[in-house]
Amino acid sequence: METTGAPNDGLLQHPWLPVAIDGCQLLAKSCFGETSYHILLTDLHCVWEETMHSAAIQSRTQELNKRLQAPVKAFFSHLCEVVRPHLSGSRQPPEGEANISVMWLDGGNLSLRLKSKLAGLPLHWEFRCTPAPVTVVCLHLVQPLLSMSHTLQQEVEQLEGLLVSKDAEIQDYKENGATLSRVRLQTEIYERHTHRGSFLAKTLAVVCSDHHSVKNFGVDLQELYTAVVAHGNMRKRKLSEQDELVATVVDATTSSDADRGEADREQNQTSPVAEAGDHIVRAATTQQLATCGRSERAPSKAKKKKAVGLFR
């Protein structure tokens, strides 16, 4: 069964690569396991994805290749060798004869159809990509690109400060009699607003072109993308560890409070019985003491009676 919309941490670590497939300029991300894969494609108008696992790959293989009896691992190993160069932007042709075509389907779906040969037999495969959910687009494209933009802006500001300092240093040299040995090395004093306006006027028309953006997601941007994503994952792990630690402390505190509350309730439940027992003991003791007192007050000798007889 095919599954989509499940972001893959392995795929997240991979940068977007500019590829040209069947005349279409795309950005691609792909992650291949032993018998599974997850790919993302975009033309900067839409993002498509497909996630496949062993059982789904076996089913589609039988659907597209009636005569193929190879096990999934053997077939998938060959598929990876054939398709990886196309999805990595490699200019080296894959070993053996292979062809990939792009088909735009109804519902906004995208299909990459592969034709190759395995052990002399025709081999067909289709990557049936569907529009990716917004969460996947944000995770793999929007959030990293915004972080990259902010990082590059910070770098520009630091470089601007460095240029101003260099201009001040050069001016000090000139005021102390230093001269250039070669006139062609002379530069104008950097002025931010003038430079920015000139730069935007020259480059905006080119930079805003979709195909230019796709082709020029070069090595430097790929490395920056990977660094930004790795830093984001490290920060998420630290926050997760902190949340787990806080949860552990809260659970321990709650458990301790509950134990103390239970002990207090048990003490409150047994106190009336203890008090009743003490009352009974005190009453019995009091009664016993009273009895003993009465016994002690009784005469120790009987009163003599007057003799009654012949002589009175």
Side-chain angles (χ1 to χ4, degrees), residues 7 9-20 25-29 31 40 42-45 47 88-89 132 134-243 245-246:
D9 289 340
L11 181 64
L12 184 60
Q13 297 295 330
H14 291 252
W16 290 93
L17 302 175
V19 299
Q25 300 293 334
L26 302 169
L27 288 175
K29 296 183 70 173
C31 181
L40 285 172
T42 179
D43 61 354
L44 301 185
H45 294 287
V47 179
S88 64
V134 175
T135 53
V136 174
V137 177
C138 290
L139 179 65
H140 288 270
L141 192 61
V142 178
Q143 294 176 1
L145 290 183
L146 287 176
S147 297
M148 291 169 62
S149 176
H150 180 69
T151 301
L152 293 174
Q153 180 62 33
Q154 295 294 318
E155 184 181 21
V156 167
E157 292 178 359
Q158 291 184 6
L159 292 176
E160 287 178 344
L162 182 61
L163 283 174
V164 172
S165 298
K166 290 292 184 182
D167 285 341
E169 180 181 353
I170 293 172
Q171 185 64 28
D172 183 72
Y173 289 151
K174 288 181 178 180
E175 291 175 355
N176 286 276
T179 58
L180 286 173
S181 60
R182 287 167 288 184
V183 179
R184 63 182 178 82
L185 296 178
Q186 185 173 356
T187 58
E188 296 180 359
I189 296 178
Y190 175 76
E191 205 286 319
R192 182 178 185 276
H193 297 289
T194 302
H195 173 78
R196 185 178 180 84
S198 175
F199 175 80
L200 294 178
K202 292 178 181 178
T203 59
L204 274 181
V206 179
V207 172
C208 290
S209 170
D210 290 347
H211 295 307
H212 182 274
S213 300
V214 169
K215 291 180 180 179
N216 288 273
F217 201 89
V219 176
D220 291 341
L221 291 181
Q222 293 169 21
E223 292 178 352
L224 179 58
Y225 179 95
T226 303
V228 165
V229 169
H231 180 77
N233 287 341
M234 185 182 301
R235 181 174 178 274
K236 289 179 181 178
R237 284 195 295 270
K238 289 182 178 179
L239 292 176
S240 178
E241 292 173 357
Q242 291 176 0
D243 292 341
L245 179 60
V246 171

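Note: hydrogens, waters and symmetry copies are ignored here, and every other heavy atom, side chains too, is used.
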Hey, could you give me the CG/CG distance between Leu44 and Leu27, rounded to the nearest 0.5 Å?
5.5 Å
Between atom CH2 of Trp16 and atom CG of Leu145, what is the distance when rounded to the nearest 0.5 Å?
9.0 Å
Check side-chain contact (heavy atoms from CB on, under 4.5 Å) between Gln154 and all other residues, then give those that pass, not counting sequence neighbours.
His150, Glu157
Taking only residues two or more places apart in sequence, or in another chain, which ones meet Leu224 in a side-chain contact (heavy atoms from CB on, under 4.5 Å)?
Met148, Thr151, Leu152, Val228
Val19 and Ala28: which non-hydrogen atoms are nearest, and at how many Å?
CG2-CB, 4.0 Å
Taking only residues two or more places apart in sequence or in another chain, which ones pass side-chain contact (heavy atoms from CB on, under 4.5 Å) with Thr226?
Pro15
Side-chain donor/acceptor pairs under 3.5 Å, residues 186-207, sequence neighbours excluded:
{"residue": "Tyr190", "atom": "OH", "partner": "Glu160", "partner atom": "OE2", "Å": "3.0"}
{"residue": "Glu191", "atom": "OE1", "partner": "His193", "partner atom": "N", "Å": "3.3"}
{"residue": "Glu191", "atom": "OE1", "partner": "Thr194", "partner atom": "N", "Å": "2.8"}
{"residue": "Glu191", "atom": "OE1", "partner": "Thr194", "partner atom": "OG1", "Å": "2.8"}
{"residue": "Arg192", "atom": "NE", "partner": "Glu160", "partner atom": "OE1", "Å": "3.1"}
{"residue": "Arg192", "atom": "NE", "partner": "Glu160", "partner atom": "OE2", "Å": "3.4"}
{"residue": "Thr203", "atom": "OG1", "partner": "Phe199", "partner atom": "O", "Å": "2.7"}

If you define the side chain from C-beta out and look only at heavy atoms, does anything of Val47 sit under 4.5 Å from Val136?
no
Taking only residues at least two apart or on different chains, which pairs with a member in residues 164-184 satisfy salt bridge (Lys or Arg N to Asp or Glu O under 4.0 Å)?
none
Distance col, row His140:NE2 vs Thr42:OG1, nearest 0.5 angstrom, shows 12.5 Å
Qualifying residues under side-chain contact (heavy atoms from CB on, under 4.5 Å), relative to Pro144, sequence neighbours excluded
Tyr225, Val229
May I ask you to test the Leu17-Gln222 pair for a side-chain heavy-atom distance under 4.5 Å?
yes
Output yes when a side-chain donor or acceptor of Lys29 lies under 3.5 Å from a complementary backbone atom of His14, and no otherwise.
yes
Which atom names give the shortest non-hydrogen contact between Cys31 and Gly10, and what distance separates them?
SG-C, 4.1 Å
